Student: 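Here it is, the structure in full.
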Amino acid sequence: MASPPMPPMPVESSWRAPGRVNLIGEHTDYNDGFCLPLAIPYGCTATVSPLSEPVLEVVSAQQEAPVEIALAELRPGRLTGADAWAGYAAGVAWAIAERGHRLPGLSISLDGDVPLGAGLSSSAALECSVAAALDDQLALGLDRSELVALARQAENDFVGAPTGGMDQLASVFAERDRVLLCDMRTLAVEPVPFDLDAAGLSLLVIDTRAPHQLTDGSYGERRAACEEAARLLGVPALRDVDLEGLPEALDRLPDETLRKRARHVITENDRTLACADLLRTGQLRRIGPLLTASHESMRDDFEITVPEVDLAVEVLLAFGAAGARMTGGGFGGCVIALMEPAQARAGALAVQAAFAGRGYAEPVGFPVTAAAGVHRLG
Ligand code: ADP
Ligand code: MG
């Protein structure tokens, strides 16, 4: 008797993954610490379909020309210059091949609405949507932690961006109306209530349009300073010093720069855990001062803000924000503010006017709510 037909392979697999903003917990990820990102209602859709030739073809609605690479050539360093963007997608396929899976010819088609390079993690949205679509198309049966690992490997080892891993965790595990408390040592995640509508609040994002340059060396310098401070303190990472141990740690560090870098990370971990505690107990309105303190720490101790983001925070606080801070790696990027919805509209206009007065690029403001993580379309 003939066996029943095999279920057909999907003709194409289409998955969407979100960008994120980090509510609090900045530059703590590579210190084995804590962060509290939420997914935003903007993301990237990846559609994967089979090709008969042994090539990987990557197309994006946000890029002019498609990029094609022979599967035999798929390794770090092969996609550079005008083709570099395709590395975020090809890197995921490469990471799958590195795990011993045989890759067939594939076409990956991308379409995203996260502004590129603004610090809202268009890169993780792209990588995570591709990881989930490839997993589905190739029937790999990967769990969500493995999707995170593939996406991180693409960004760190294929593209060569030494980022800390929060973005991919958020893009995969985020949930609607929740922020995700991430323990970056264990990679454990805990969804924590963050229902802005129920609290009658708005989370305003201002993309300052000030250039965001994570790869210009400043990020690496901050990371190296944190590692040096941990080494001098005899701990595996700055995560292992808590607020109580801070005064003694500062006494033991030999120079002012290391003291400032360590103080930011140690106090930021504490603020992040305090913020999660408030949210768990339904006190969303009370997290504002923690957000503002985080900004001051990034400005004065970690020294990763720029005049545009400091001005946006100042204006939003003057317009009644409960709290405001830069979010993301720094040196530009976005500011977030927790505000009454009516204040948020006025605040965004006031930031625009203040920027025009200083001759800065025109900022873009929009409210976000906490959205779902990676999911299948259709
Ligand atoms: P961020 O993640 O903050 O947006 P990154 O510099 O980490 O900034 O990543 C931005 C880069 O990711 C872009 O310059 C581009 O190479 C790539 N990228 C992101 N989204 C897309 C997309 N939809 N299509 C093509 N490339 C994209
Ligand atoms: Mg990125």
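First listed ligand is number 1; within each ligand, the first listed atom is number 1. Everything numeric here is computed off the predicted structure, so don't read it as measured data.
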Student: Report yes if Trp85 has an N/O atom closer than 3.5 Å to an N/O atom of ligand 1; otherwise report no.
Tutor: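 No, no N or O pair falls under 3.5 Å.
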
Student: Atom CE in Met298, atom CE in Met326: separation rounded to 0.5 Å?
Tutor: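 Between atom CE of Met298 and atom CE of Met326 there are 4.0 Å.
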
Student: Between Ala124 and ligand 1, which part of the residue brings a heavy atom under 4.0 Å of the ligand: side chain, backbone, both or neither?
Tutor: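 Looking at Ala124 and ligand 1, no heavy atom falls under 4.0 Å.
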
Student: Is the closest heavy atom of Pro115 to ligand 1 under 4.0 Å?
Tutor: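 Contact present.
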
Student: Considering only heavy atoms, which of Val58, Val67, Leu116 lies nearest to atom 20 (N) of ligand 1?
Tutor: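 Of the listed residues, Leu116 has the closest heavy atom.
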
Student: Output the list of atoms in ligand 1 that are nearer than 4.0 Å to some heavy atom of Gly119, sorted by atom number.
Tutor: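 This gives 3 (O) as the contact atoms.
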
Student: Does the side chain of Gln153 pick up a donor-acceptor pair with the side chain of Arg99 at under 3.5 Å?
Tutor: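 Side chains of Gln153 and Arg99: pair found under 3.5 Å.
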
Student: For the pair Thr28 and Glu268, evaluate side-chain hydrogen bond (donor to acceptor under 3.5 Å, both in side chains) and give the outcome as yes or no after the intermediate values.
Tutor: CA-CA 7 Å; Thr28 46; Glu268 185 77 352; over 6 Å; no

Student: Can the ring centroids of Phe366 and Tyr42 be said to lie less than 6.0 angstrom from one another?
Tutor: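 Ring centroids of Phe366 and Tyr42 are less than 6.0 Å from each other.
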
Student: Which of the atoms of ligand 1 are close to Leu120, meaning less than 4.0 Å from one of its heavy atoms?
Tutor: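 Every atom of ligand 1 under 4.0 Å from some heavy atom of Leu120: 3 (O).
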
Student: Under 3.5 Å, N or O to N or O, is Gly117 touching ligand 1 that way?
Tutor: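 Checking ligand 1 against Gly117, an N or O pair does fall under 3.5 Å apart.
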
Student: Please confirm if an N, O or S atom belonging to Ser122, backbone or side chain, lies less than 2.8 Å from the Mg ion (ligand 2).
Tutor: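 It does not; every qualifying atom lies at 2.8 Å or beyond.
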
Student: Is there a chain of hydrophobic side chains (I, L, V, M, F, W, Y, each step under 4.5 Å between heavy atoms) that links Leu51 to Leu56?
Tutor: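 Not linked; separate clusters.
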
Student: Which of the atoms in ligand 1, numbered in the order shown and given with their element, are less than 4.0 Å from a heavy-atom of Leu126?
Tutor: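 It comes down to these atoms of ligand 1: 18 (N), 19 (C), 20 (N), 21 (C), 22 (C), 26 (N), 27 (C).
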
Student: Report yes if some N/O of Ser60 lies less than 3.5 Å from some N/O of ligand 1; otherwise report no.
Tutor: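 Right, the criterion is met.
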
Student: With respect to Ser14, which candidate in Thr45, Thr47, Asp136 satisfies the side-chain hydrogen bond (donor to acceptor under 3.5 Å, both in side chains) definition?
Tutor: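 So the option named by the test is Thr47.
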
Student: Less than 4.0 angstrom from a charged side-chain N to a carboxylate O is my criterion; do Arg222 and Glu303 meet it?
Tutor: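 Salt bridge between Arg222 and Glu303, a charged N being under 4.0 Å from a carboxylate O: no.
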
Student: Which ligand 1 atoms are under 4.0 Å away from a heavy-atom of Ser121?
Tutor: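 Checking each atom against Ser121, I get 1 (P), 2 (O), 3 (O), 4 (O).
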
Student: How close do Leu103 and Leu71 get, heavy atom to heavy atom, and via which atoms?
Tutor: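 Closest pair (atom of Leu103, atom of Leu71, distance): O-CD1, 3.4 Å.
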
Student: Does an N or O anywhere in Asp111 fall below 3.5 Å from an N or O of ligand 1?
Tutor: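 So ligand 1 has no N or O lying under 3.5 Å from an N or O of Asp111.
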
Student: Would you sort out whether Thr327 and Asn22 count as a side-chain hydrogen bond (donor to acceptor under 3.5 Å, both in side chains), showing the intermediate values?
Tutor: CA-CA 6 Å; Thr327 183; Asn22 189 23; 5.2 Å; no

Student: Can you sort out which atoms of ligand 1 are near Ser123, meaning under 4.0 Å from one of its heavy atoms?
Tutor: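 Under 4.0 Å from Ser123, ligand 1 has these atoms: 2 (O), 7 (O), 9 (O).
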
